[in-house]
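To start, the structure under review is shown below, and the notes come after it.
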Protein chains: 2
Amino acid sequence: MAEKEPKAARRGRPRQAEVARLAGVSQTTVSLVLGGNKQGIVIQEATRERVLLAARTLGYVPDPAARRLAAARNNLLGVFSFTATFPTAVEHSYYRFLVGIEQEAAARGYDLVLFTGSSTGGAGAGAPGALDRVRLADGCLLLGRHVPAEQLRRLVDDGFPLVHLGRRDEPEGLAWAGADYAAASAEVVGHLAGLGHRRIVLVREDDDAPASSDRQRGFLAGLAAAGLPGRDGAVVRTARPAADITAAWVRARHAEGVTAFVAEETDTGDAWRALRAAVAAAGLAVPEAVSLALLGSPPADLSDQPVPTGFDIPRAELGAAAVRLLTGLLAGAEQRSGSLVACTFRPGTTAAPPP
Amino acid sequence: MAEKEPKAARRGRPRQAEVARLAGVSQTTVSLVLGGNKQGIVIQEATRERVLLAARTLGYVPDPAARRLAAARNNLLGVFSFTATFPTAVEHSYYRFLVGIEQEAAARGYDLVLFTGSSTGGAGAGAPGALDRVRLADGCLLLGRHVPAEQLRRLVDDGFPLVHLGRRDEPEGLAWAGADYAAASAEVVGHLAGLGHRRIVLVREDDDAPASSDRQRGFLAGLAAAGLPGRDGAVVRTARPAADITAAWVRARHAEGVTAFVAEETDTGDAWRALRAAVAAAGLAVPEAVSLALLGSPPADLSDQPVPTGFDIPRAELGAAAVRLLTGLLAGAEQRSGSLVACTFRPGTTAAPPP
DNA sequence: CTCGCCAGCTAATGCGCATTAGTCGGGAGG
DNA sequence: CCTCCCGACTAATGCGCATTAGCTGGCGAG
């Protein structure tokens, strides 16, 4: 029955011209009826109905590429990640983001394009020009840290609507939606201070991402707000937590009067891991002898352990916020640099009044 | 309204025409040099160099939309699910499918469009015509059971490339990739028989999906292969497992000589849940007194329980297989009705020789 | 010295759609 | 009765690129 067409993708796909023929009108009219018709051209109701019916009959759907080329909208939001969007590890954080992204996008009538495929021929997301594919969508969400800066700047300069998940300063003018780590960190410190802790130490990894420095800033602000001095050694920075955060180190700090330790959350969770291990090795009971807190969520493999005092990043909400920001940009809103979402305090069981 | 700036996205982006002018050649030549030039047209090396230089100088980047328009394909695979693609429950089975789908799609140079049910203006995936939106992609993967049959048939009839995840007979000509439940179920029965069980009962829910009947078919085939009679009552079908599968029922079966119970896996996992509860309430030890097996994976909330004997569905592999099938169709391959992926036997700890 | 041929290009066309200039028939105004 | 305008469309154009027909100039064969 069906002849073999050369272009498989086009086989049964109706165009506006076919809808037009069926409705007995011109292609222009079809475009006017089905597209926005922002020109305010008047079309008779009966004609309108005929076109609508014909479109429905044929199952017409606009071609996103043609639409974009003609400088219109697609109702398509891109999601570009610099690693696999669906990693094998189920608990990977991207998933939670996507939950929020999808919900918010759906609510606003957008579909999602996952730019995961290497249209560049299997070279992956890192390939030069890989980022340019997103131009097919109306705008794009960016996930992950290791963004090809050059390509990104180019998109930003061209005015392509882009929103990064996570605070990001680097390409000037890039919008972002991030979690308010500073406020959340300060709150955790405030909680510890409220319990009676006077000397608190933050262990952070050797990472200069905004996420890390925001936590440190919040930590120090929290100390100040509680009237505690931000003395030397209040922040410990290490590139190799496992090696540097030892039982001996913990004992020494404890002897100095430190009664609470705080770790930052990172991709690996190494700071928290090392801190827990060291305190345990030092024979100090948690939370009786010392209190611990984690500025973020514990790694998945530690989920069966006692719940750490700290805060949770509302990933889904963050994804939704990013979508709102992006759709705002699409609607022509002013380019606000970023938007912060509050984290929620998690009481946990690793903090108690000092002995 | 006042005139709007000529689309911000286009502002400074050079086109092939500009590269051509700078290089002193025609746009065609630029396309030939920068594009694939699959026509084998010969271009002098010097000209080539000039074009390349000019392109680099201007920072030329091809417009994906134009490229796709001209090529009449979008390099886009749709994923349509009849429920939210990202349910809040992390352990939802779709996620695993997506892992495989994404990987395979990426490897083949396709991006993914998630038809999350928007497009129709928030009406959701159930809205009439919602399915039509997938025509935007080159082809589409279908997830979930409750497919609007009418719309589906139309797409199939139009020759739109579609692959359903899970065996599916209904619209003739619809391709699918499914797990081989029959073989896996037979293998589980064989395992039980091998342990010495002579009377085995299958508890299934009241569902006429192929997934259910395949399991039953495999179960019966397994019995036959082991030389066991498929007597009456070997298969119990219930719409309300919690109410029908009681301790009394289990005791009665046990008294009749039944030493092994098998449950099918469903969305809710109710059959398995009821079976476990009933056996426990009957005071029968597992696997000492009776053996249990599950034709599939346990629900996520039971993941800390003893591992059920049964089989695992290779979801990621299934997703990948579906993508392979779909890309095959796009490449013009013959429409094979379906492809089966083998499940892997899971020994578990709920089956042992009968007392 | 033609003719044919081929290497090396270019002009023209079309993809599917949005948009911008019309076109056309018929009342209102003069 | 003729003009003008207006409502309701349609023809034509272009987006940026790929592709397909040319076109041209030189050179070996006849």
Side-chain angles (χ1 to χ4, degrees), chain A residues 5-7 9-21 23-51 55 58 60-76 119 132-133 135-136 138 158, chain B residues 1 3-4 6-21 23-51 55 58 60-75 135-136 138:
Chain A
E5 288 287 323
K7 308 279 185 183
R10 275 193 42 216
R11 225 179 313 175
R13 205 158 123 174
R15 317 107 209 271
Q16 285 189 347
E18 276 143 49
V19 176
R21 205 177 314 139
V25 298
S26 71
Q27 178 262 322
T28 304
T29 304
V30 175
S31 173
L32 253 21
V33 170
L34 300 180
N37 185 12
K38 301 166 204 338
Q39 294 74 239
I41 294 179
V42 191
I43 304 263
Q44 210 151 27
E45 191 52 30
T47 309
R48 224 183 112 67
E49 300 283 321
R50 279 213 321 285
V51 171
L58 294 178
Y60 169 78
V61 168
D63 180 323
R67 219 170 156 128
R68 220 291 277 136
L69 191 57
R73 288 283 161 71
N74 260 330
N75 277 285
L76 241 36
S119 298
D132 285 313
R133 309 205 307 286
R135 289 184 190 270
L136 184 67
D138 296 338
D158 283 356
Chain B
M1 266 316 206
E3 308 280 321
K4 276 202 173 182
K7 291 302 168 187
R10 279 186 37 219
R11 218 182 323 166
R13 244 158 62 80
R15 318 106 212 279
Q16 285 188 348
E18 276 143 49
V19 176
R21 206 176 314 140
V25 298
S26 72
Q27 177 263 320
T28 304
T29 305
V30 175
S31 174
L32 253 21
V33 170
L34 299 181
N37 186 12
K38 301 168 206 334
Q39 294 74 237
I41 293 180
V42 191
I43 305 264
Q44 210 151 28
E45 191 53 27
T47 309
R48 227 183 110 66
E49 299 283 320
R50 281 216 317 289
V51 171
L58 293 177
Y60 170 79
V61 172
D63 182 329
R67 201 191 268 266
R68 288 171 179 189
L69 215 214
R73 68 182 355 231
N74 284 316
N75 265 24
R135 298 180 115 109
L136 169 159
D138 296 335

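Letters go in sequence order (proteins before strands), and every chain restarts at 1. Computed from a prediction, not measured in an experiment: that's the story for all the values here. These numbers come from the heavy atoms of this one structure, side chains and all, not from hydrogens, waters or symmetry mates.
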Checklist entry - Can A:Arg50 and A:Gln44 be said to form a side-chain contact (heavy atoms from CB on, under 4.5 Å), step by step? => result CA-CA 10 Å; A:Arg50 279 213 321 285; A:Gln44 210 151 27; over 6 Å; no
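The distance from atom CZ of B:Arg15 to atom C1' of D:dG14 is 11 Å, rounded to the nearest whole Å. Atom pair B:Leu58:CG and D:dG16:C1' shows a separation of 15 Å (rounding to whole Å applied). Distance B:Arg68 CZ to C:dC17 C1': 17 Å, rounded to the nearest Å. A straight line from CD of A:Glu45 to C1' of D:dG7 spans 15 Å, rounded to a whole angstrom. Rounded to whole Å, the distance from CD1 on B:Ile43 to C1' on C:dC6 is 15 Å. When rounded to the nearest whole Å, the span between CZ of A:Arg48 and C1' of D:dC9 equals 15 Å. Going from atom CG of B:Leu34 over to atom C1' of D:dC17 covers 11 Å, rounded to whole Å. In this structure, the CG atom of B:Leu32 is 13 Å from the C1' atom of C:dA11, given to the nearest Å.
When distances run from any side-chain atom of B:Asp63 to the nucleotides D:dC17, C:dG8, C:dG16, the shortest one goes to D:dC17. Checking C:dC17, C:dC15, D:dC17 against the side-chain heavy atoms of A:Gln27 singles out C:dC17 as nearest. With D:dA18, C:dC17, C:dG16 as the choices, the nucleotide that has an atom nearest any side-chain atom of B:Arg67 turns out to be D:dA18. The listed nucleotides are D:dG16, D:dC9, C:dA12; the one nearest the side chain of A:Ile41 is D:dC9. When distances are taken from the side chain of A:Ala70 to each of D:dC9, D:dC15, C:dC9, the shortest belongs to D:dC15.
Residue B:Leu69 is in base contact, counting any heavy-atom pair closer than 4.0 Å across all strands shown. Backbone-only contact: B:Val25 has heavy atoms under 4.0 Å from sugar-phosphate atoms and none from a base.
Checking the phosphate oxygens (OP1, OP2) of C:dC9, no side-chain nitrogen or oxygen of B:Thr28 falls inside 4.0 Å. OP1 and OP2 of D:dC9 both lie 4.0 Å or more from every side-chain N or O belonging to A:Ser26. The phosphate of D:dC9 has OP1 or OP2 within less than 4.0 Å of a side-chain N or O from A:Thr47. Side-chain N/O atoms of B:Gln16 include none lying less than 4.0 angstrom from OP1 or OP2 on D:dG16.
Here the side chains of B:Arg68 and A:Pro64 are not in contact, with every heavy-atom distance at 4.5 Å or above.
Comment: B:Arg15 does not engage B:Asp63 in a salt bridge, judged by the lack of any side-chain N to carboxylate O separation of less than 4.0 angstrom.
Residues A:Val42 and B:Ala17 each lie close to DNA chain D; by heavy-atom proximity, the contact nearer the 5' end of the strand is made by A:Val42. Nearest-nucleotide assignment on DNA chain C puts the 5′-proximal partner with B:Ala66, out of A:Gly35 and B:Ala66.
A:Leu58 and A:Pro14 make their closest contact through O-CG, 3.4 Å (heavy atoms, listed as atom of the first residue, atom of the second, distance). The heavy-atom pair separating B:Ile43 from B:Val33 by the smallest distance is CG2-CG2, 4.3 Å. Annotation for A:Ala65 and B:Leu69: closest pair CB-N, 4.0 Å, computed over non-hydrogen atoms.
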